[in-house]
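Letters go in sequence order (proteins before strands), and every chain restarts at 1.
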Amino acid sequence: MSVIEVRRLKKAFKQHQVLKGIDLDVDEGEIVVIIGASGSGKTTLLRCLNFLEKADEGSYRLDGLSTDLKHVTKKQITAFRLKTAMVFQTYGLFLNKTAQENIMEGLVVARKVPKKEAAETAKSVLTQVGLGDRLNARPYQLSGGEQQRVGIARALALNPEVILFDEPTSALDPEKVNEILDLIRDVVSCGKTAILVTHEMEFAYDVADKVIFIDNGEIVEQGTPQQVLGDPQQERTQQFLARFMLGKQPEYFL
Amino acid sequence: MSFDLEFALEVFLKAITKVPLTLGVAFSSLLIGAVFGLFIALLRFYKVPGFGLFFRWFVTVFKGTPMVMLISITYLLVVYNFDSVAQSLGLSITFKDVGKTWIGVGALAFISSIAFSEAFRGALAAVSKCQYEAAYSVGETRIQALIHVILPQALPVSIPMSCNIAIGITKGVSILYLVGIIEILYASLQAASRTYQFLEAYVVAALIYWGLSIIIEQLFGFAERRFGRKVRDITA
Ligand SMILES: Nc1ncnc2c1ncn2[C@@H]1O[C@H](COP(=O)(O)OP(=O)(O)O)[C@@H](O)[C@H]1O
Ligand SMILES: [Mg+2]
């Protein structure tokens, strides 16, 4: 049974039609990886799913909630947001809070979890991501990789129906990318539903149950990683992947 | 021209008794001003329909009006209209009951609201968009995000400007001699008027204001170190 069902989702910025009618189904526990060129609308799609952008039209069902996106209310938006969590490319930690407080914030303020309980949860997820000894560190005292660990821990602690990852390793130093990818693999592969935007094709091949290729605001191709990445049927997908391999090439010379 | 040190001391002892009044007026005005200023800043920052535009013009107009004029105009308006307005509202109070001090506080509070609204608006703009988004993404409403994430980051940013406003308003209390409030400067000049030793009077008043400014600056510096430390690199 699908936990997310999006139909004909459209989004334009002024004259620019960025998403041209997206249909998306995600099953419980499924890991969906979205790939596509820069500017194709991947971030916008994720942001529409937790209403950081308001889609222009379409329908959206998430777990027990459903709405017509054109007429969604503030109350519905908050309800939808409480069922999602987002891991940002630039981490998005609360700069005025410690690692532990960052995680408690959504629990205590938005979900009314008692402080003590939230503090315990925060402690345990931070331990899970390897930062059990940095509870009181503030964002400016943490490296990029550590900040993203907190970001991931924050999303986990909220125990959402779905975690949205928007290029979680793109802002990291190259040598930190793999350890964060490993962490993400760990946390999503135990039955979490996740939608992940990434340019790390190997990782995508590895963790995805489903890969979706988006180009120019449309889903061009979707299927298993073996299908989409290993044997793409559409010309645009082939071109993107070829370009992508070309773009990667300099690394082979190192 | 000689400087009569002994006389200066005499003036000093008179003027220093007005420090509590000056600080009281300044502090009340600043407190009221900060509350209204924050309110105006939020209305403008969130572009609340109607209010946003209204306060944009409001602030522009009053920012460009000299303090002396604002104080005099407030005073005259109150003097000429207070009793009749109070009467038509069925209140039995008169101008004399309210007292000049409160008119001074009102005028300075007005001036400081305008200044604070600008300081806070700038500070709100200094908080990066991703802080709002992070707050919304964990399920917070606009108000929750404002209280728990945005203001705790914005207010420390506004400390240096708020310090300038506090010093400006404290010095501004001296203008209230225009409306007959006897504060530091006026008390000094009064003491000097018998012998026309105004130089001593001005120097003494200046020294007292100078001392007050230093104390205020120290207090704000302390607040800045205390609260700014948590949020280094706010625009990251
Ligand atoms: N807030 C915005 N205002 C105007 N245009 C935007 C905005 N956000 C994104 N866009 C445009 O939408 C398109 C898709 O952007 P995005 O979803 O960020 O792509 P991707 O994440 O796939 O690189 C781009 O052309 C981008 O310029
Ligand atoms: Mg993007």
Side-chain angles (χ1 to χ4, degrees), chain A residues 43 46-47 49-54 74-75 77-98 101-113 118 136-142 144 147 150-151 154-160 163-166 171, chain B residues 38 41-43 45-49 51 119-162 220 222-236:
Chain A
T43 297
L46 282 195
R47 290 165 58 86
L49 295 180
N50 70 352
F51 296 91
L52 290 183
E53 291 306 341
K54 205 182 151 303
K74 266 192 186 162
K75 245 191 171 145
I77 288 178
T78 305
F80 270 96
R81 282 182 180 153
L82 288 172
K83 287 181 182 287
T84 65
M86 186 136 183
V87 175
F88 296 87
Q89 184 174 348
T90 49
Y91 329 128
L93 299 188
F94 303 122
L95 297 175
N96 57 322
K97 295 181 184 295
T98 65
E101 290 166 347
N102 257 277
I103 292 161
M104 293 168 63
E105 180 70 15
L107 293 170
V108 174
V109 176
R111 287 166 185 76
K112 310 293 175 211
V113 173
N136 295 317
R138 291 183 184 276
Y140 71 86
Q141 297 166 323
L142 296 169
Q147 288 191 55
V150 178
R154 179 171 71 184
L156 274 181
L158 299 173
N159 193 24
I163 304 183
L164 311 168
F165 292 85
D166 188 14
Chain B
L38 181 60
L42 289 171
L43 289 173
F45 189 75
Y46 284 101
K47 298 200 171 66
V48 177
F51 292 98
F120 292 149
R121 207 165 56 90
L124 284 168
V127 178
S128 98
K129 207 173 125 238
C130 79
Q131 294 293 307
Y132 293 85
E133 298 192 337
Y136 299 149
S137 85
V138 301
E140 293 189 356
T141 62
R142 239 193 213 198
I143 302 275
Q144 289 171 337
L146 186 67
I147 293 172
H148 296 274
V149 177
I150 306 307
L151 286 181
Q153 295 185 38
L155 294 181
V157 176
S158 73
I159 291 175
M161 255 182 100
S162 301
F220 276 88
F222 173 76
E224 199 178 344
R225 284 190 300 279
R226 171 79 181 68
F227 298 109
R229 188 172 44 196
K230 292 185 182 174
V231 200
R232 212 152 301 163
D233 204 8
I234 200 155
T235 45

Q: Can you give me the closest heavy-atom contact between Ser137(B) and Asn50(A), atom names plus distance?
A: CB-ND2, 3.9 Å
Q: Which heavy-atom pair separates Ala110(A) from Val138(B) by the least distance, and what is that distance?
A: CB-O, 3.5 Å
Q: Kindly check if the number of other-residue, nucleotide or ligand heavy atoms within 6.0 Å of NZ (Lys47(B)) is above 12?
A: no
Q: Heavy-atom pairs under 4.5 Å with chain B - which of Arg111(A), Lys74(A), Glu105(A) has more of them than the others?
A: Glu105(A)
Q: Working to the nearest 0.5 Å, report the span between CG of Leu95(A) and SG of Cys130(B).
A: 7.0 Å
Q: So does Tyr132(B) have more than 12 non-hydrogen atoms from other groups sitting under 6.0 Å from OH?
A: yes
Q: Which residues from residues 86-94 of chain A are near chain B, with near meaning under 4.5 Å between non-hydrogen atoms?
A: Met86(A), Phe88(A), Gly92(A), Leu93(A), Phe94(A)
Q: Minimum heavy-atom separation for Asn96(A) to Pro152(B), with atom names?
A: ND2-CB, 3.2 Å
Q: Check whether more than 12 heavy atoms from other residues, nucleotides or ligands sit under 6.0 Å from atom NZ of Lys75(A), and answer yes or no.
A: no
Q: For Leu38(B), check side-chain contact (heavy atoms from CB on, under 4.5 Å) against everything at least two apart and list the hits.
A: Leu42(B), Phe120(B), Leu151(B)
Q: Give a yes or no on whether Phe222(B) atom CZ has more than 12 heavy-atom contacts from other residues, nucleotides or ligands under 6.0 Å away.
A: no
Q: Mind checking what makes salt bridge (Lys or Arg N to Asp or Glu O under 4.0 Å) contact with Glu140(B), not counting sequence neighbours?
A: none
Q: Among all residues two or more places apart in sequence or in another chain, which pass the side-chain contact (heavy atoms from CB on, under 4.5 Å) test with Lys129(B)?
A: Arg47(A), Glu133(B)
